[in-house]
S.K.: 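Input: one structure, supplied below.
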Number of protein chains: 2
Amino acid sequence: MATGVRQRSTAAQRRDTVLRTAVAAFAARGYYGTSTMEVAAAAGISQGYLYRLFKDKQTLFAAVVDHCSDRLRESVAAAAATARSTEPQDVLEALTASYDEVIADRELLMILLHAQGCAGEPVIGEAVRRCYARQVEYVRAVSGAAEQQIRRYFADALLSNVMVAIDAAAVDAPWARTLRA
Amino acid sequence: MATGVRQRSTAAQRRDTVLRTAVAAFAARGYYGTSTMEVAAAAGISQGYLYRLFKDKQTLFAAVVDHCSDRLRESVAAAAATARSTEPQDVLEALTASYDEVIADRELLMILLHAQGCAGEPVIGEAVRRCYARQVEYVRAVSGAAEQQIRRYFADALLSNVMVAIDAAAVDAPWARTLRA
DNA sequence: CCGTCTTGTGGTTATCCACTCACCAGTCTC
DNA sequence: GAGACTGGTGAGTGGATAACCACAAGACGG
C-alpha cells in the first residue's frame, strides 16, 4: 500500500529526533509528570522502541538535559558574538543583555528548571552538574571575566529564568516590577 | 484496648500537622513525583481523610507552598534582626550573609524549587506568585532598599538555592568554586 | 442518654505507568 | 536468495495512583 513507503532512519537519527521532541514533552510537566508514552507519541514512535533507544526513563531525561545543555551553549555563543569588544566587561554585558532572547526558548528553560528539581535522581543530577560545568567554563573562556563577575551573571540569569517560569511578565504589581527592573 | 485512647484533633489542627509533614514528603520528589498516599502516611492519617481536608492534590500542594512562604518569611525576619543598623545597605547585607542558614532548611528550599517547576498548574502558580510577592514586599519593608538592591538580593538567593539543590557544595571543581565564591 | 456532628477509616474503582517481549519487515552480505 | 542484522510495533504485566464513598466511633448539646 501507499504507506509502504515508510520512512526508516538509523537508530542514531531516531535518537536525535526523540531528544528534540522530548524537550517539548518534558517541558510542560517535568520528569515525574510526563509519561514515556507521551514522549514516544511526540516522537512518532512506539513506546516499545523508545525503550530500545534509551535504557530507562532516567537515562532518557538525562540525555534530554545534555541536549539542552548543547542548545543553551549555542544560544549563549550567539549572544557573545554581539559584544562590542572582547573585553570581559563588554562580553558579559552582551550576554546579560541578550539573555532574554536566550530564554525566549521556553522549552529549554523549563527543562533546565525541572532538571534542578529532580537532581536527586543520580543520573539526572550528574547531567545537571555537567550542564552547569560546561556553561560556567564556556562563559569564563569567552569572556575571560573574574569569578565575581561570572557569578553575578549566573545569578541574574537564574532570576530571569524564574521570572519566566512563573509568568511574572504578565503580572502588573510592585514586586514583579522590582524583580524585572 | 490501649489504643482506645486515640488522639483526636480538630480539623484545623490536623490540617496544620498535615501541612508540616507534607513539606518533607513533597520535598524529595516534588508535586508529580509524590503520591497522596505518601503524604497521608507521613501525616499519620488515611488517604481518604486527606481528601476531606483538602479538595484535591493541587490544592494541597498550593497550601504547602503557602505554608513554606510563612516559614521563609519567619526565617528571613530572624536574619534581618542580625543587621548592624537599619540602613538599607546593612540590612540587605545581613540578609544575604545569613541566607545560607535560611536555606539550611533543605525541605523548604526544595518545595520552593519544585513549586517553580509546576507553576503551570493554575492553583499552584498563584501560590508561587503570592509567595514571591510577600517575600519581595517584606524585604522592601524591612530594608527600605532600592529596587536594584532588592533585585540583586533575590538573584543571589536564587543562585544559592540552585547550588544547594544540585549539591554543588560537594563538588570540587572550578565551576563550582566560581559559583560559590 | 439520645440524636447529631465531626473526626477518621478501610475498601474500591478506573486509570495510568514503567518496562518487557515476542514478533514483523526492510535491507545488506555472501 | 538464504541468513543475519536492524528498525520498528503492539500487546501485555504488575504495580501504583487520584479520587470517591459508605460507614465506624468519639465528642457534645439538650
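A note on names: the letters A, B, ... follow the listed sequences, proteins ahead of strands, and every chain is numbered from 1.
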S.K.: When you check the gap from the basic side-chain N to the acidic O, do B/Glu74 and B/Arg71 get nearer than 4.0 Å?
M.R.: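 Salt bridge flag = no for B/Arg71 with B/Glu74.
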S.K.: Taking only the side-chain heavy atoms of B/Ser46 (C-beta and beyond), determine which of D/dG8, C/dA18, C/dT9 contains the nearest atom.
M.R.: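 Taking heavy atoms from C-beta onward, the closest nucleotide is C/dT9.
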S.K.: Rounded to whole angstroms, how far apart are CG on B/Leu53 and P on D/dA18?
M.R.: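 From B/Leu53 CG to D/dA18 P: 16 Å.
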S.K.: Calculate the interatomic distance between B/Ile45 atom CD1 and C/dG11 atom P; express it in whole Å.
M.R.: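 Spelled out: CD1 on B/Ile45 to P on C/dG11 is 17 Å.
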S.K.: Should the pair B/Tyr132 and B/Phe154 be assigned to parallel (<30°), tilted (30 to 60°) or perpendicular (>60°) ring geometry?
M.R.: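 Tilted.
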S.K.: Record whether the side chain of A/Arg14 comes under 3.5 Å of the base of D/dG8 through a donor-acceptor pair of N or O atoms.
M.R.: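 Absent.
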S.K.: I'd like to know if B/Asp156 and B/Arg152 make a salt bridge, using a cut-off of under 4.0 Å between side-chain N and carboxylate O.
M.R.: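 Answer for the salt bridge query: no.
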S.K.: Nearest whole Å is fine: how far is D/dT17 P from B/Glu38 CD?
M.R.: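 The distance from CD of B/Glu38 to P of D/dT17 comes to 6 Å, rounded to the nearest Å.
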S.K.: Starting at the 5' end of DNA chain C and moving along, which residue's nearest nucleotide shows up first, A/Tyr49 or A/Met37?
M.R.: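 Here A/Met37 is the residue nearer the 5' end.
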S.K.: CD of A/Glu121 versus C1' of C/dA18: gap in Å, rounded?
M.R.: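 Nearest whole value for this atom pair: 13 Å.
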S.K.: Taking CG from A/Leu50 and P from D/dG8, how many angstroms apart are they, rounded to a whole number?
M.R.: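 From A/Leu50 CG to D/dG8 P: 13 Å.
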S.K.: Tell me: OH of B/Tyr32 to P of C/dC17, nearest whole Å?
M.R.: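 It works out to 12 Å between those atoms.
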S.K.: Would you indicate, yes or no, if C/dC19 has its OP1 or OP2 atom less than 4.0 angstrom from a side-chain nitrogen or oxygen of A/Tyr51?
M.R.: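 Yes, such a contact exists.
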S.K.: If each of A/Arg52 and A/Gln47 is mapped to the nucleotide of DNA chain D with the nearest heavy atom, which maps nearer the 5' terminus, i.e. the 5' end?
M.R.: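 So the residue in question is A/Arg52.
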S.K.: Is B/Ser35 touching bases, backbone alone, or none of the nucleic acid, heavy atoms closer than 4.0 Å?
M.R.: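 Counting heavy atoms under 4.0 Å across all strands, the contact made by B/Ser35 is with sugar-phosphate only.
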S.K.: Would you mind checking if B/Glu147 and A/Arg177 are paired as a salt bridge, meaning a charged N to carboxylate O distance below 4.0 Å?
M.R.: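 Judged by the 4.0 Å cut-off on N to carboxylate O distance, A/Arg177 and B/Glu147 do not form a salt bridge.
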